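Written out below as structure tokens is the structure these notes cover.
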Amino acid sequence: MRKAEIIIDKYFLTGKVDKRIFGSFIEHLGRAVYEGIYQEGSVLSDEQGFRKDTLDLVKELQVPIVRYPGGNFVSGFHWEDSVGPKDKRPAKPDLAWGVIETNEFGLNEFADWSKKAGSDIMMAVNLGTRGPEDAKNVLEYCNFKGGTYYSDLRKSHGYKDPHNIKLWCLGNEMDGPWQMGHKTASEYGRIAAETSRLMKFMDPTIETVACGSSNLTMPTFGSWEYTVLDECYDEVDYLSLHQYYGNYANDTVDFLASSKGMDDFISGVVAICDAVKAKKHGKKQINLSFDEWNVWYHSNEQDQKLEKWVRAPHQLEDVYNFEDALLVGSMLITLLRHADRVKIACLAQLVNVIAPIMTSDTGAWRQTIFYPYMHASVYGRGTVLNTQVLTPVYESKTYGEAPYLDSVCIWDEENDALTIFAVNKSLDEDMEVSCDLRQFEGCRLAEHIVLTNDDMKAVNTEADPNHVTPTHSDATKLENGKMHTVLGKHSWNVIRLTK
Ligand code: AHR
């Protein structure tokens, strides 16, 4: 059996977890909105047409913030089309996804839905086909009290109180050739700076996120970040990162090493932010918004065959298997280990579209990835301890040396609770793990939750929704303040200690 050790010290801290690190994303794409969170006339929906079964699962996840309305969709979005009387709203072609957007569900409905879900909103503005003027107008519509054209328009639509949206994305993936109105780094950097400036004139309490590269493989990665920040450093608060992983070669060991790639990606972007800060002799620090992350590849082939210009097709409907859940667990650990700089992260997405929650006309169910996401969101709030992991490693094809054990410890002082998240990536060996907890006097083991399965490709479906579900392990022992446990091969573990 392999052996590892987790070393923590209550005075060695990475930083406080910003709860927005457990955010998610709803785009007007496929069946995320229509049939996902909204289905008027369904017996499963409430009086506003919001799917109650979806809302229950979103609440189970305790999603603190949801990014909206895109994604690629936002780069052609006219927000005015999505407000006011529903029968007057225009249907329009959405060039991002080759479908028809009816606008039956829009900005105000999303604000209502978010309230019911208990989530805040991270709103994106269109910097593709539009610009600063329009961004300023939508902010006026959302956040201005009243007595101006757009705030009074909101009132006339039945929303007396402002939505008070505090977090705004300045466009989406603006370097991508697939993006409507994509730009060079200096073009985008200037527009991001000016847009953010005008928006903060309008409402100085907001924060803004500038677009980083669309992903790490973009040929301009690095120089894009540097140039964009060079233009807009003083005007913005966060820089975005997006990354999806896939087990294309059916090489699970290599696939599970992707969290190492994510870790390197975050460290690289932090270095670029700090290089621009140093160059500018700046005082302010730019933090990171990892506002799209997940596994995404299962649906790629099937999506090539989709009929164009239909409404809400089954698009990007990845069915997640057990190994995907393990990687999602490792990615959550990676994000938490960088909690000093990653303040916002959005699992992309929330319902039906590359999502932890799936729906049909007859119900909703949890995909495998639902569980690590829920555990992290529910038990991962507090302070990240600077967790040293002494672990055996392996040589992965894509990412070089990768650890067999990914782990992070969270100390929740308010509730006197210590939570250890851990993934044993080995496909063939359990792992003996120890951790000295004598500084955390009085800690008792509350539970050791495990997600594992003999079949790495096991999935949950509507017919068999509980095929992959967490169980409890009795392998964890605490003796004289020292914890000893055995983490089963290929397992996601949540060890909860409370006083
Ligand atoms: O989340 C799906 C898509 O992935 C988003 O629209 C886009 O931003 C990214 O490329």
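First listed ligand is number 1; within each ligand, the first listed atom is number 1. Sequential numbering from 1 along the given sequence is applied to the chain's residues. As the structure is a computational prediction, the values presented were derived from the model and not from experiment.
The proximity of N72 to ligand 1, defined as any non-hydrogen pair under 4.0 Å, involves the side chain as well as the backbone. Residue V353 does not touch ligand 1, judged by heavy-atom distances below 4.0 Å. Contact annotation: for F25 versus ligand 1, heavy atoms closer than 4.0 Å belong to the side chain alone.
Atoms of ligand 1 lying under 4.0 Å from any heavy atom of N172, numbered from 1 in the order shown and given with element: 7 (C), 8 (O). Of all the atoms in ligand 1, the ones that sit under 4.0 Å from a non-hydrogen atom of G71 are 5 (C), 6 (O), 8 (O). Within ligand 1, counting atoms from 1 as listed, the ones closer than 4.0 Å to a heavy atom of E173 are 7 (C), 8 (O), 9 (C), 10 (O). Numbered from 1 in the order shown, with element, the atoms of ligand 1 that lie under 4.0 Å from a heavy atom of I354 read 1 (O).
Around atom 9 (C) of ligand 1, the closest heavy atom drawn from E292, Q349, Q315 belongs to E292. Closest heavy-atom approach to atom 1 (O) of ligand 1 within the set W296, Y244, W97: this belongs to Y244. Closest heavy-atom approach to atom 6 (O) of ligand 1 among the candidates H242, E27, Q243, R67: E27.
Both the sub-6.0 Å distance and the 45° axial angle are satisfied by R67 relative to the ring of F25.
Applying ring pair (Phe, Tyr, Trp, His ring centres under 6.0 Å) to Y150 and the options F144, W79, Y141 leaves one that passes, W79.
A pairwise comparison of heavy atoms in K457 and D455 identifies N-OD1, 2.8 Å as the closest pair. Residues R381 and Q62 come closest through the heavy atom pair NH2-O, 2.8 Å. The two atoms that bring R89 and G106 nearest to each other are NH1-N, 3.8 Å, heavy atoms only. The nearest pair of heavy atoms linking V351 to G36 is CG1-CA, 3.6 Å.
The stretch residues 199-211 participates, sequence neighbours left out, in these side-chain hydrogen bond (donor to acceptor under 3.5 Å, both in side chains) pairs: R20-E207, N143-D203, K166-T205, S196-T208, K200-D237, D203-T205, E207-Y238.
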